[in-house]
Amino acid sequence: MLELQRIRENKDYVIERLAVKNFDAAPLVEKIVELDQDRRAKQKELDDLLAQSNQLAKEIGQYFKSGEKEKAEATKKETVVLKEKSKSLSEELDRIVAELDAALIELPNLPHASVASGKGEDDNEIVFSEGEIPTLGADAIPHWELAEKYQIIDFNLGSKVTGAGFPFYRGKGARLQRALINFFLDEALQAGYLEYQPPLLINEASGYGTGQIPDKEGQMYYVGVDKLYLIPTAEVPITNIYRNVMLKEEDFPIKNVAYSNCFRREAGSYGKDVRGLNRLHQFDKVEIVQIQHPDKSYDTLEEMKAHVAGLLRKLELPFRILRLCGGDISFTSALTFDFEVYSAAQKRWLEVSSVSNFESYQSNRMKLRYKDKDSKTHLAHTLNGSALALPRVVAALLENNQTEKGILIPKALQSYTGFEYID
RNA sequence: GGAGAGAUGGCAGAGUGGUCGAAUGCGGCGGUCUUGAAAACCGUUGAUCUUCACGGAUCCGGGGGUUCGAAUCCCUCUCUCUCCGCCA
């Protein structure tokens, strides 16, 4: 959520920037500014009343001590009026604050200056691309057929046991998964990240902290009896480690990495987009999260981009980087780069990573702050990125590397898989 | 799942109805001393909202209540610990 002070002081700028996200912020901003003024006025009024009550209470205490019972009783009567007034005033104040909070939550994060306006994914800007797009023989087949041919992923079995979008990985398929996870984790460790194994279920407060709740809780699986959500990404537990935390300036940068299963309901998805590994309800992902000083968060974003690019390079996958336009960038993000790999048999680009700077948007929700050298309190910046999400990487590896001898495992991965070919 | 105990400032730990935002110790910061450091001694040291400022308000796990007045009493939730049960 945006800082109130920022909205108050840069009303027009906020409205202007949010237009880039195709969000008409004007009515909401006006409402927020009004509610804020109202809140402060009411707060002052209430504070004055409470100050009077406190004063009287002190006096009553004195009277009792000195044995002046009548005076005490008389003063008590005075407080009754004050109490009624302050009670109704504080109820009114609660209403205003609730309304203000609700309005603030509806306001998306401001897009970074480099974010262009645009309608949707077609308007994203390709800022980088690398690698040759492989040309496959006429007998090349998509990964779901390869999965069946080599019996490494069983989608039907998943449907039987759970439902669509929950595949079984089997034999060398399962070992490939394990190899990729270890490879990604090791690479992150080498880059200075601290490894975590997070809980896969989170409470409501955590969902709120990173922005899944309210609004997007429909995308998460919910365990009603225990009021817990299955995580859609390790970002949620890992970032929420720092909910209500006061850091010191020298703690920056905090670099965490976590492998986790991710669970997404993906309500409303259908068609060829969800074929095979393209979109699953449960998948594996290694996520990197950084907490950084506001002055350095964009350098950090570049560092994270470079890390992700390095992974794809080592896997020898052709990839491109997109800067998301206003219409495609998420509600909570200020700047997002998507990484896409080319899946040669499907002849399409698949998103395998999304690297974002949330600036102070999540921090403000979570009260993630730090003290500077003058022990002034500020909000930290949060960033995260997939490094990487497995299924589409696997899809591209299978399709691009299909040969007559089988699926060729990239060199960098062979020490992890223990085999050279899936055959 | 059952029974009991507890949650106080960065940490440890006092406080069971009124000058308690909270003793004391440790840690942190500043100073005296010292060539420098340590030790010792002196001082200082929470957050949020509001105000130009003085000041005011709120916060002792979360929420609610009793009272003129709550860290302190009551209800409720969460979490931690101990014992029993179950169990990878």
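A note on names: the letters A, B, ... follow the listed sequences, proteins ahead of strands, and every chain is numbered from 1.
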Whole-Å [atom1] distance, [N] and [M]:
N: C11(B); M: C54(B); atom1: P; value: 29 Å
N: C81(B); M: G30(B); atom1: C1'; value: 40 Å
N: G31(B); M: G36(B); atom1: P; value: 13 Å
N: A88(B); M: C20(B); atom1: C1'; value: 49 Å
N: A38(B); M: U50(B); atom1: P; value: 41 Å
N: A5(B); M: C59(B); atom1: C1'; value: 26 Å
N: C79(B); M: C68(B); atom1: C1'; value: 35 Å
N: G21(B); M: U80(B); atom1: P; value: 32 Å

Separation of [X] atom [atom1] from [N] atom [atom2], in whole Å?
X: Gln55(A); N: U19(B); atom1: CD; atom2: C1'; result: 11 Å
X: Phe64(A); N: G18(B); atom1: CZ; atom2: P; result: 13 Å
X: Asn244(A); N: G61(B); atom1: CG; atom2: C1'; result: 12 Å
X: Ile60(A); N: G18(B); atom1: CD1; atom2: P; result: 14 Å
X: Lys83(A); N: A70(B); atom1: NZ; atom2: P; result: 9 Å
X: Lys77(A); N: U67(B); atom1: NZ; atom2: C1'; result: 16 Å
X: Leu93(A); N: U50(B); atom1: CG; atom2: P; result: 12 Å
X: Gln37(A); N: U50(B); atom1: CD; atom2: C1'; result: 14 Å

Partner nucleotide, any strand, of [N] [Watson-Crick/G-U, under 3.5 Å]:
N: U67(B); answer: none
N: A22(B); answer: none
N: G27(B); answer: U45(B)
N: C33(B); answer: none
N: A38(B); answer: none
N: G85(B); answer: none
N: A14(B); answer: none
N: G9(B); answer: none

Ionic contact status for [Y] with [X], cut-off 4.0 Å:
X: Lys305(A); Y: Glu302(A); answer: yes
X: Lys31(A); Y: Glu106(A); answer: no
X: Lys11(A); Y: Glu30(A); answer: yes
X: Lys248(A); Y: Glu250(A); answer: no

Base, sugar-phosphate, or nothing: which does [X] touch, judged by heavy atoms less than 4.0 Å apart?
X: Gln62(A); value: base
X: Lys371(A); value: sugar-phosphate
X: Asp48(A); value: nothing

Open item on the list: Using heavy-atom distances to pick each residue's nearest nucleotide on RNA chain B, tell me which of Leu4(A) and Leu50(A) is more 5'.
Closed with: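 Closest to the 5' end, via its nearest nucleotide, is Leu4(A).
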Open item on the list: With nearest nucleotide decided by heavy atoms, which residue, Thr377(A) or Lys76(A), maps closer to the 5′ end of RNA chain B?
Closed with: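 On the 5' side of the pair lies Thr377(A).
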Task: From Ile288(A), Val257(A), Ile291(A), Val289(A), residue fulfilling side chain to side chain contact (heavy atoms under 4.5 Å, CB included) relative to Ile238(A) - done: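 It is Val289(A), the one option of Ile288(A), Val257(A), Ile291(A), Val289(A) that forms the side chain to side chain contact (heavy atoms under 4.5 Å, CB included) with Ile238(A).
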Do any side-chain nitrogens or oxygens of [X] fall under 4.0 Å of OP1 or OP2 in [N]?
X: Asn54(A); N: A57(B); value: yes
X: Arg39(A); N: C49(B); value: no
X: Arg40(A); N: U51(B); value: yes

Open item on the list: Tell me whether Lys172(A) forms a cation-pi arrangement with Tyr150(A), defined as NZ or CZ under 6.0 Å from the six-membered ring centre and within 45 degrees of its axis.
Closed with: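 Not flagged: Lys172(A) not positioned over aromatic ring of Tyr150(A).
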- [ ] Pick out which of Gln292(A), Glu359(A), His381(A) makes a side chain to side chain donor-acceptor pair (under 3.5 Å) with Tyr298(A).
- [x]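 Filter result, single survivor: Glu359(A).
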